[in-house]
Amino acid sequence: MAKKNEKINWEYAPAPESTGHINLKEQYNLFIDGKWVKPNSGKYFDSINPANKEKLASVAHANEKDVDKAVKAARKAYDTVWSKMAPSERAKYIYRIARLMQERAREFAVIESLDAGKVIRESRDVDVPLACNHFFYYAGWADKLEYAFPNRKVSSLGVAGQIIPWNFPLLMAAWKIAPALATGNTVVLKPAETTSLTALKLAEIIEESGLPAGVVNIVTGFGDTGAAIVNHNDVDKIAFTGSTAVGKIIQKAIAGTHKKATLELGGKSANIILDDAPLDQAVEGIVNGIFFNQGHVCCAGSRLFVQESVADQVIEKLKHRMNSLIVGDPMDKNTDVGAINSKEQLDVINSYLKIGQAEGATMYQADCSLPKSGYYCRPTLFTDVAQSSRIVQEEIFGPVLTIQTFRTVDEVIQKANNTPYGLAAGVWTDKGSRIFNLTTKLRAGVVWANTYNKFDPTSPFGGYKESGFGREGGLHGLEAYVKLN
Ligand code: ADP
């Protein structure tokens, strides 16, 4: 191992992924009732590559009238075709979407990296394969719902309004659309304003798959477009992933209505290293949990708790590892940490770096150069933080880690649970008994043991407390889209 905090000068030749094979239009309209239609307002906005601030395409801004058109199309498709179709036939369409997406996986991965700033390794190896797997997995359930819910009468809900964020644009679209279709619902989906392009490519695939018109409608736009979906009277179910602040607005808006909801909101997840943990693996897990994907993960392991006896060792190893991270062009296959999704998000992260220092915490940043253009942030860690520090309590959504130490397991359980959130947690230890003790006491929807950020279509995902309610993925993910009698 290199000496303490020594900068390691690994020089890698650039290995950029080619963009020659992708097909992006200059302008995207709305995908409503199986057709590409101009927005009622005539307005378009730019989708920017956050790695270099270059415009990728212009995207339609849907207003209330467009959303109404999309909901009407979804209702008609529900009443006349989709809810009447044999489940085994519905499954064929979902399989076809999965296969078409798999065939164009490379194009999806490149567009995702260009539009979201996430590293190509992640888009290629994680986001796109997982998105395909979600469609495959839920296609399998479409004609087996009576086995999913034995002795119950299962019926669909109707029109699902789905609003997704920018951190996993294609994957979130798959998480939302696949179970909704498998259970016989129709969909109006809105991607986030900074990352609409892979959802629009998905619309192209849906068109190619021959899915009946109106079963899936994609409307692009900002918060006002999302609000129009939430407030539309003829939507039966809202599925939202995004900030806790917007989640609260949505909950208020649908209170007292017939609409069902699942909300997957923010997080401030704890990653806990006990003194008997394999430290090198744990450090790699910490890095994976908060620095890879720029910390743009709602379940990012943003609070590290280390048992006191190994704290110095872990912090030293962590700093050493941080210095070897390559921050830069998301399209380069060597890059570990890509671009921050937007200027707004970079401003939020930078404001928290200032808050942390003003609160008296000690800040350490990876010793790396950043590209001149584009939105980037150095992997950062804060020591000397208090449980009450804002950087410990509030979601930052960037590559920023806080470190606290603890002496006893009871103490760390209390500290880890002392947050308004409860999305995920990680535990690193050699002993199964300690894992079971912690996993039963941590108030988090997912607890990983000796790993972090592992996803699978068969596993449910979702939160406690202000991290939201309802589960996506697995059997639980089906339940969110059905009525059971
Ligand atoms: P993030 O912090 O992840 O950007 P947001 O909650 O701001 O989270 O955004 C998540 C999604 O919610 C985006 O698609 C955004 O356009 C949408 N959105 C923002 N405001 C509202 C609102 N008031 N009602 C419905 N959707 C909204």
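Ligands are counted one by one from 1 in listed order, and the atoms in each one are counted from 1 as well.
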Subject >> K415, NZ atom: more than 12 neighbouring heavy atoms under 6.0 Å >> reply: yes
Subject >> K65 atom NZ: more than 12 heavy-atom contacts under 6.0 Å >> reply: no
Original post:
Just wondering, are more than 12 heavy atoms of other shown residues or ligands nearer than 6.0 Å to NZ in K69?
Top reply: no
Original post:
According to the interplanar angle, ranging from 0 to 90°, do the rings of W141 and Y137 count as parallel (below 30°), tilted (30 to 60°) or perpendicular (above 60°)?
Top reply: perpendicular
**OP:** Report the C-alpha distance between F469 and Y464 in whole Å, list the side-chain angles of each, state the deciding distance to 0.1 Å, and finish with yes or no for ring pair (Phe, Tyr, Trp, His ring centres under 6.0 Å).
**Re:** CA-CA 6 Å; F469 52 80; Y464 277 84; over 10 Å; no
Original post:
Got the residues with a heavy atom under 4.0 Å of ligand 1, by chain and number?
Top reply: I163, I164, P165, W166, K190, P191, A192, E193, F222, G223, G226, A227, F240, T241, G242, S243, V246
Subject >> E26 CD: over 12 foreign heavy atoms closer than 6.0 Å >> reply: no
